[in-house]
Amino acid sequence: MCIRDSEIASFDEVRKLSRLKNLRTLWLADNPVAALPQYRYKVLQFCPKLEVLDTVEVTPQERAEAAKLPGLPPSSSTSSTSAVPVSRPAPVQALSLIHISEPTRLLSISYAVFCLKKKKY
């Protein structure tokens, strides 16, 4: 699934991907969340079956490190994990991930549907 450069700024948004139980490849690069500490490990906590994250194969060492991290706090819009890194300015119009459907296989085509909504400030 490619959702790079979509202004995803928090792990609360990434958490929604955990419903995709068979997600194997994910591209979140160029989102503010990718600059947060322990980004790869936290994404692996939500999507443990990932094989490739941001075009880089997930290693056994990364899986082990992700498993060592304490569980992430419950979803919250005021969570400390939702801070936008200082090195990247906050977007003027941010997008919020609001829905994801489970990947579906139709003959030889596999697809998933996700919806993005503009955040109101």
Side-chain angles (χ1 to χ4, degrees):
M1 174 185 285
C2 179
I3 47 178
R4 65 178 287 275
D5 201 18
S6 298
E7 298 304 330
I8 297 171
S10 75
F11 289 115
D12 283 342
E13 296 297 315
V14 178
R15 181 187 311 270
K16 295 173 184 177
L17 297 172
S18 66
R19 290 182 261 171
L20 299 174
K21 302 297 181 197
N22 295 314
L23 186 62
R24 299 289 191 266
T25 302
L26 179 61
W27 195 0
L28 283 171
D30 302 319
N31 282 292
V33 72
L36 294 177
Q38 299 179 319
Y39 157 74
R40 286 183 66 87
Y41 304 139
K42 289 180 181 179
V43 171
L44 286 172
Q45 282 186 318
F46 292 127
C47 305
K49 292 188 178 181
L50 277 183
E51 296 170 0
V52 178
L53 176 58
D54 298 333
T55 71
V56 178
E57 194 170 312
V58 175
T59 67
Q61 293 83 6
E62 286 177 311
R63 288 190 195 287
E65 288 299 318
K68 290 179 189 176
L69 287 178
L72 295 172
S75 180
S76 166
S77 59
T78 59
S79 170
S80 63
T81 58
S82 63
V84 176
V86 176
S87 62
R88 183 169 179 159
V92 175
Q93 288 187 335
L95 298 176
S96 177
L97 186 62
I98 59 171
H99 175 77
I100 302 172
S101 71
E102 185 71 23
T104 304
R105 188 169 266 323
L106 178 63
L107 300 175
S108 63
I109 300 171
S110 180
Y111 64 93
V113 176
F114 63 96
C115 300
L116 298 173
K117 174 182 169 185
K118 287 184 181 178
K119 286 185 178 179
K120 295 180 183 177
Y121 292 99

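For the numbers below, each heavy atom of this structure counts, side chains included, while hydrogens, waters and symmetry mates do not.
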**OP:** State, with a plain yes or no, whether a side-chain heavy atom of L36 is found less than 4.5 Å away from one of K42.
**Re:** no
Original post:
Does E51 reach the side chain of E57, with side-chain heavy atoms less than 4.5 Å apart?
Top reply: no
Subject >> Nearest heavy-atom neighbours spanning A66 and L44 >> reply: CB-CB, 3.9 Å
Subject >> Side-chain donor/acceptor of R40 to backbone N/O of E62, under 3.5 Å >> reply: no
**OP:** Heavy atoms only: give me the nearest P70-Q45 pair and the separation to one decimal.
**Re:** O-NE2, 3.3 Å
**OP:** Starting at CG of L17, measure out to CD1 of I3 and round the result to the nearest 0.5 Å.
**Re:** 5.0 Å
**OP:** Report yes or no: do V14 and M1 belong to one cluster of Ile/Leu/Val/Met/Phe/Trp/Tyr joined by side chain heavy-atom distances under 4.5 Å?
**Re:** yes
Original post:
Should D54 and V43 count as side-chain neighbours, where that means a heavy-atom distance under 4.5 Å?
Top reply: no
Original post:
Is there a side-chain contact between E13 and V33, using heavy atoms and a 4.5 Å cut-off?
Top reply: no
Subject >> K68 side, atom NZ; Q38 side, atom CD - distance, nearest 0.5 Å >> reply: 11.5 Å
Original post:
Is L53 close to Y39 at the side-chain level, that is, under 4.5 Å between some pair of heavy atoms?
Top reply: yes
Original post:
Considering all heavy atoms of both residues, which atom of L50 and which atom of T25 are nearest to each other, and what is their separation?
Top reply: CD2-N, 3.8 Å
Original post:
Roughly how far, to the nearest 0.5 Å, is CH2 of W27 from CG of D5?
Top reply: 10.0 Å
Original post:
With no hydrogens and no angle check, is any side-chain donor or acceptor of R15 less than 3.5 Å from a backbone partner on S10?
Top reply: no
